[in-house]
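First the structure, in the form of structure tokens, and then the observations on it.
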Amino acid sequence: MAKRNDQASCPGTDRGPDSATIRRIRRRLLAWYDGNRRRLPWRAPPGRKSDPYAVWLSEIMLQQTTVATVGPYFGNFMARWPNVKALAGAPLDDVLHAWQGLGYYARARNLHKCAKAVAGHPAGKFPDTEAGLLELPGIGPYTAAAIAAIAFDQPAMPVDGNIERVTARLFGITTPLPKGKPEIAAAARIFAATERPGDFAQAMMDLVERI
DNA sequence: TTCCGGTACG
DNA sequence: CGTACCGGAA
């Protein structure tokens with residue numbers, strides 16, 4: 001990895017926000033988040049460490065359902081299976097039944113499979129890197145980045161359709177999708193390489209509600 | 001009623 | 001790379 005091979009030889013695709021712009025947007029976004037962050041059951045209070053199990057569980061549920069709907073299900077799961085070991089030890093049928101109403105039952109199966117995989121590890125804990133998380137059942141690129149950032153403060157940025165919209169808005173990127181996707185992804189990625197990756201990710205998520 | 005969406009799978 | 005999954009929202 002001696003040299004960086006960007007698209008300097010490809011005219012028209014090497015655009016990106018300059019560092020001053022990025023710094024300005026960072027400050028603005030974090031300041032906004034510090035004053036407007038949503039209080040969510042799976043979200044740790046400011047300054048406190050979040051529970052990776054809770055973050056993982058919520059992210060899996062939120063893949064397919066709104067915050068309002070997930071709320072009660074998340075509470076039920078946490079009350080019944082407070083940690084990954086408890087969930088791993090539960091009968092699959094119980095998990096599927098508790099999942100009833102959320103849809104995408106393949107994910108409930110993967111949830112259970114993932115819990116068993118994690119609990120089966122020597123450490124019995126979730127991997128704290130994006131790459132490690134990505135290997136687990138039911139965890140794709142988006143969820144791996146979300147958990148890495150929120151639970152472990154790793155420099156990762158989950159990018160879904162909403163984050164794309166927010167990023168495009170923040171950086172004034174007007175290139176229409178899907179053509180502007182690489183440009184937007186590049187901007188979002190720069191965001192992640194900062195000191196408060198978890199807060200950035202959650203700020204982006206919360207900001208969606210205000211756009 | 002159509003459209004939308006992370007992930008796994010074909 | 002396209003499709004299925006399953007409910008909610010438009």
Side-chain angles (χ1 to χ4, degrees), chain A residues 38 40-43 50 52-77 84 87-88 92-121 126-152 154-169 173 175-189 191-192 197-198 200-211:
Chain A
R38 290 178 295 177
L40 301 171
W42 47 86
R43 185 176 282 182
S50 56
Y53 171 71
V55 173
W56 163 72
L57 178 60
S58 69
E59 285 301 329
I60 298 297
M61 289 179 167
L62 288 165
Q63 282 171 5
Q64 56 212 32
T65 317
T66 60
V67 168
T69 304
V70 162
Y73 284 90
F74 176 80
N76 290 340
F77 268 71
V84 68
L87 184 58
L92 175 59
D93 283 346
D94 289 0
V95 176
L96 290 172
H97 184 259
W99 192 268
Q100 191 170 12
L102 284 178
Y104 291 96
Y105 293 95
R107 296 172 190 258
R109 299 178 185 275
N110 281 331
L111 186 84
H112 190 243
K113 197 187 297 181
C114 182
K116 293 177 95 164
V118 171
H121 271 297
F126 282 87
D128 61 1
T129 65
E130 194 174 356
L133 290 161
L134 200 49
E135 294 176 21
L136 292 167
I139 299 183
Y142 174 86
T143 307
I147 298 173
I150 297 170
F152 299 110
Q154 297 286 310
M157 178 63 81
V159 181
D160 63 359
N162 290 330
I163 305 264
E164 275 181 351
R165 287 193 299 124
V166 172
T167 302
R169 172 74 78 92
I173 299 172
T175 313
L177 294 169
K179 196 167 190 287
K181 217 163 178 176
E183 187 180 356
I184 293 169
R189 187 170 193 174
F191 251 163
F200 274 118
Q202 293 173 101
M204 295 287 272
M205 293 169 176
D206 283 13
L207 193 56
V208 170
E209 313 296 324
R210 301 264 298 175
I211 288 188

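Here the structure is a predicted model, which is why all the values come from computation and not from measurement. Letters go in sequence order (proteins before strands), and every chain restarts at 1.
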Boundaries of the chain A footprint along DNA chain C (any atom under 4.0 Å from a heavy atom):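 That gives a stretch of C:dC5 to C:dA9.
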Can you confirm whether [X] sits close enough to [Y] that some side-chain heavy atom of one is under 4.5 Å from a side-chain heavy atom of the other?
X: A:I163; Y: A:V208; value: no
X: A:M157; Y: A:R189; value: no
X: A:I184; Y: A:R165; value: no

What is the nucleic acid contact for [X], judged by heavy atoms within less than 4.0 Å: base, sugar-phosphate only, or nothing?
X: A:Q64; answer: nothing
X: A:Y104; answer: base
X: A:I60; answer: nothing
X: A:T65; answer: nothing

Rounding to an integer number of Å, can you tell me how far [X] [atom1] sits from [N] [atom2]?
X: A:I139; N: B:dT7; atom1: CD1; atom2: P; answer: 9 Å
X: A:K113; N: B:dT7; atom1: NZ; atom2: P; answer: 15 Å
X: A:R109; N: B:dC9; atom1: CZ; atom2: P; answer: 12 Å
X: A:Y142; N: B:dT7; atom1: OH; atom2: P; answer: 9 Å
X: A:M61; N: B:dG5; atom1: CE; atom2: C1'; answer: 18 Å
X: A:W99; N: B:dT7; atom1: CH2; atom2: C1'; answer: 12 Å
X: A:I163; N: B:dG5; atom1: CD1; atom2: C1'; answer: 14 Å
X: A:L62; N: B:dG5; atom1: CG; atom2: P; answer: 15 Å

Check: A:D206 side chain, A:R38 main-chain N or O, donor-acceptor pair, under 3.5 Å: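 Yes; judged by distance alone, with no hydrogens or angles, the pair exists.
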Residue among A:I150, A:D160, A:L62 satisfying side-chain contact (heavy atoms from CB on, under 4.5 Å) with A:M205: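 Only match with A:M205 under side-chain contact (heavy atoms from CB on, under 4.5 Å): A:I150.
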A:R169 atom CZ: more than 12 heavy-atom contacts under 6.0 Å: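 No, the 6.0 Å shell around CZ holds no more than 12 heavy atoms from other groups.
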Show me the donor-acceptor pairs, under 3.5 Å and distance only, between side chains in residues 130-147 of chain A and residues at least two apart or in other chains.
residue	atom	partner	partner atom	Å
A:T143	OG1	A:Q63	NE2	2.6

